[in-house]
Amino acid sequence: MENLLDALKKGLPVNKRGYFCSYRENIYGGQMSEHFQDMFDEGSGGELHSKAEAVHSSSMLSYNFFHWIDDEHPFEWEQVKYTQVFFEVKMKTIKDSPAPANMDVVLIDKDKKHLLFIESKFTEYTETKKFELGNSYREENKWCNKDVKWEKIVGYIPEREYKYKEGVKQLITHLLGIHSQFVELCDTFKNVGIIDFGKVELKFITLIFEPSKRFEDEHKAYANYKKLFENFRDNIKNVGLKVVPEWESYSNLWEIMKEQMPKDLKDYLMERYMNFAE
């Protein structure tokens, strides 16, 4: 049976674990601007010099897909033209917490009326990880936004048959971050100009790499996590959220994005990732 990780590693200068010597070997063009390096260096995980070196790095997957977006090269999706991209955006989740949630990608349109939050996943859902949410998230006095019925959201426990339960924990912390009055977001976007967070339209997607069905085990894990996601979303209806998570695959994104990006990048992404996607 074919294995996705082995297929991704084939022909690339990686070690047995699938790691390059440098993240630069894992990105289009081999160079990252200082502007984007600063974003990753300010994140919580020292991403560029550890996880970003993995051939299956979800952060470098999202970087390779979105780094080209700017005023001269907008990305149009669902009738919105996005012109700015941010990576590893830190968001305050609860009061007094020193550990923010990191959003992989945030896109902003030119008029600053739309914010698209993107959580990227490559192969994480193939792992068996339990649901762990600290007790502090369940303390009402620590919630930054009291308009949401957080007790229903943080009280959700995934059923036993689901494999990648940590994904729900991340969804919860990201939702807390997005709805936390943008305390940290405002600092992140300080060079963007004035954003009226009371009027801006928000969208939050979990962007998942869907493996080709020839990778049977990985595709089953993808389907299993999708069911978990849908179950979670069904359980948090009518709780006062301004924005709820939506499921999107890189394959669907690719069909929309591939004709908008530079041809060399399109060829790179096809060979590097999409040849292995459904």
Side-chain angles (χ1 to χ4, degrees), residues 1-10 12 14-20 26 43-47 50-62 88 93 99-105 117-138 152-177 204-236 244-252 273 276-278:
M1 186 182 299
E2 200 169 3
N3 176 277
L4 175 59
L5 183 56
D6 288 342
L8 289 169
K9 291 189 299 183
K10 192 172 182 180
L12 296 176
V14 296
N15 62 22
K16 291 181 179 179
R17 294 174 55 236
Y19 279 70
F20 293 96
N26 205 12
S44 300
E47 192 80 23
S50 55
K51 296 177 182 178
E53 296 171 351
V55 72
H56 54 291
S57 165
S58 60
S59 62
M60 293 302 97
L61 170 67
S62 61
E88 293 292 304
T93 55
N102 278 9
M103 187 67 67
D104 293 311
V105 185
F117 297 88
I118 302 172
E119 175 193 19
S120 172
K121 292 201 180 298
F122 199 167
T123 62
E124 290 91 339
Y125 50 81
T126 64
E127 305 169 7
T128 300
K129 288 194 173 181
K130 60 184 179 179
F131 177 85
E132 289 185 324
L133 193 67
N135 289 330
S136 56
Y137 286 95
R138 297 178 171 84
K152 183 173 178 61
I153 297 174
V154 301
Y156 174 83
I157 303 295
E159 295 179 20
R160 190 173 291 180
E161 68 266 25
Y162 295 114
K163 183 176 182 178
Y164 183 62
K165 299 182 181 68
E166 184 180 289
V168 170
K169 181 259 185 183
Q170 292 175 346
L171 287 170
I172 291 172
T173 56
H174 283 146
L175 285 170
L176 281 160
F204 171 33
I205 65 170
T206 293
L207 183 59
I208 315 288
F209 184 83
E210 180 178 4
S212 168
K213 289 179 181 176
R214 72 180 187 268
F215 306 112
E216 187 175 340
D217 288 345
E218 291 88 343
H219 199 273
K220 285 181 179 178
Y222 169 90
N224 182 270
Y225 183 53
K226 187 175 183 181
K227 288 181 180 179
L228 171 58
F229 175 93
E230 291 171 346
N231 183 277
F232 171 70
R233 191 177 158 150
D234 288 345
N235 275 273
I236 61 168
V244 295
E246 299 177 24
W247 182 274
E248 190 63 76
S249 72
Y250 269 97
S251 298
N252 288 340
Y273 301 113
F276 310 104
E278 184 58 31

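Position 1 is the first residue of the sequence; numbering continues from there.
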side-chain contact (heavy atoms from CB on, under 4.5 Å) partners for [X], two or more places apart:
X	answer
Arg138	Phe131, Leu133, Asn135, Val154, Ile157
Glu132	Lys130
Ser120	Ser58, Leu61, Ser62, Asp104, Tyr250
Asn252	Glu248, Ser249

Problem set entry | Geometric class of the Tyr225/Phe229 ring pair [parallel <30°, tilted 30-60°, perpendicular >60°] | perpendicular
Problem set entry | Parallel, tilted or perpendicular: rings of Phe276 and Phe215 (30°, 60°) | tilted
For this session: Would you check, one step at a time, whether the test side chain to side chain contact (heavy atoms under 4.5 Å, CB included) holds for Leu12 with Val55?
Result: CA-CA 9 Å; Leu12 296 176; Val55 72; 3.8 Å; yes
Problem set entry | Check against ring pair (Phe, Tyr, Trp, His ring centres under 6.0 Å), Phe232 and Trp247 | CA-CA 12 Å; Phe232 171 70; Trp247 182 274; over 10 Å; no
Exercise. Taking it one step at a time, do Tyr156 and Val168 satisfy side chain to side chain contact (heavy atoms under 4.5 Å, CB included)?
Worked result: CA-CA 9 Å; Tyr156 174 83; Val168 170; 3.7 Å; yes
Exercise. Are side-chain N/O atoms of Glu47 and Ser59 paired as donor and acceptor at under 3.5 Å?
Worked result: yes
Quick one: closest heavy-atom pair of [X] and [Y], and the distance?
X	Y	value
Glu2	Ala7	OE2-CB, 4.3 Å
Ile208	Tyr125	CG2-CE2, 3.5 Å
Ala101	His174	CB-CD2, 3.9 Å
Lys121	Tyr164	NZ-OH, 3.2 Å

Would you say [X]'s side chain and [Y]'s backbone share a donor-acceptor pair under 3.5 angstrom?
X	Y	answer
Asp217	Asn3	no
Asn231	Pro158	no
Glu218	Leu4	yes
Glu278	Lys213	yes
Lys152	Asn235	yes

Let me confirm one number: the [atom1]-[atom2] distance from [X] to [Y], rounded to the nearest 0.5 Å.
X	Y	atom1	atom2	result
Lys129	Lys163	NZ	NZ	12.0 Å
Arg17	Leu5	CZ	CG	10.5 Å
Lys220	Thr126	NZ	OG1	14.5 Å
Tyr222	Glu210	OH	CD	4.0 Å
Ile153	Thr173	CD1	OG1	11.5 Å
Leu175	Ile236	CG	CD1	5.5 Å

Exercise. Going by the salt bridge (Lys or Arg N to Asp or Glu O under 4.0 Å) test, which pairs reach into residues 222-236, not counting sequence neighbours?
Worked result: Asp234-Lys237
For this session: Would you indicate whether the side-chain heavy atoms of Phe20 and Val14 approach each other to under 4.5 Å?
Result: yes
Exercise. Are Leu171 and Glu119 side-chain neighbours, meaning at least one heavy-atom pair lies under 4.5 Å?
Worked result: yes
Exercise. What do the steps show when you test Asn224 against Tyr162 for side chain to side chain contact (heavy atoms under 4.5 Å, CB included), and what is the final call?
Worked result: CA-CA 6 Å; Asn224 182 270; Tyr162 295 114; 3.9 Å; yes
Exercise. Which residues pass the side-chain hydrogen bond (donor to acceptor under 3.5 Å, both in side chains) test with Tyr273, sequence neighbours left out?
Worked result: Asn64
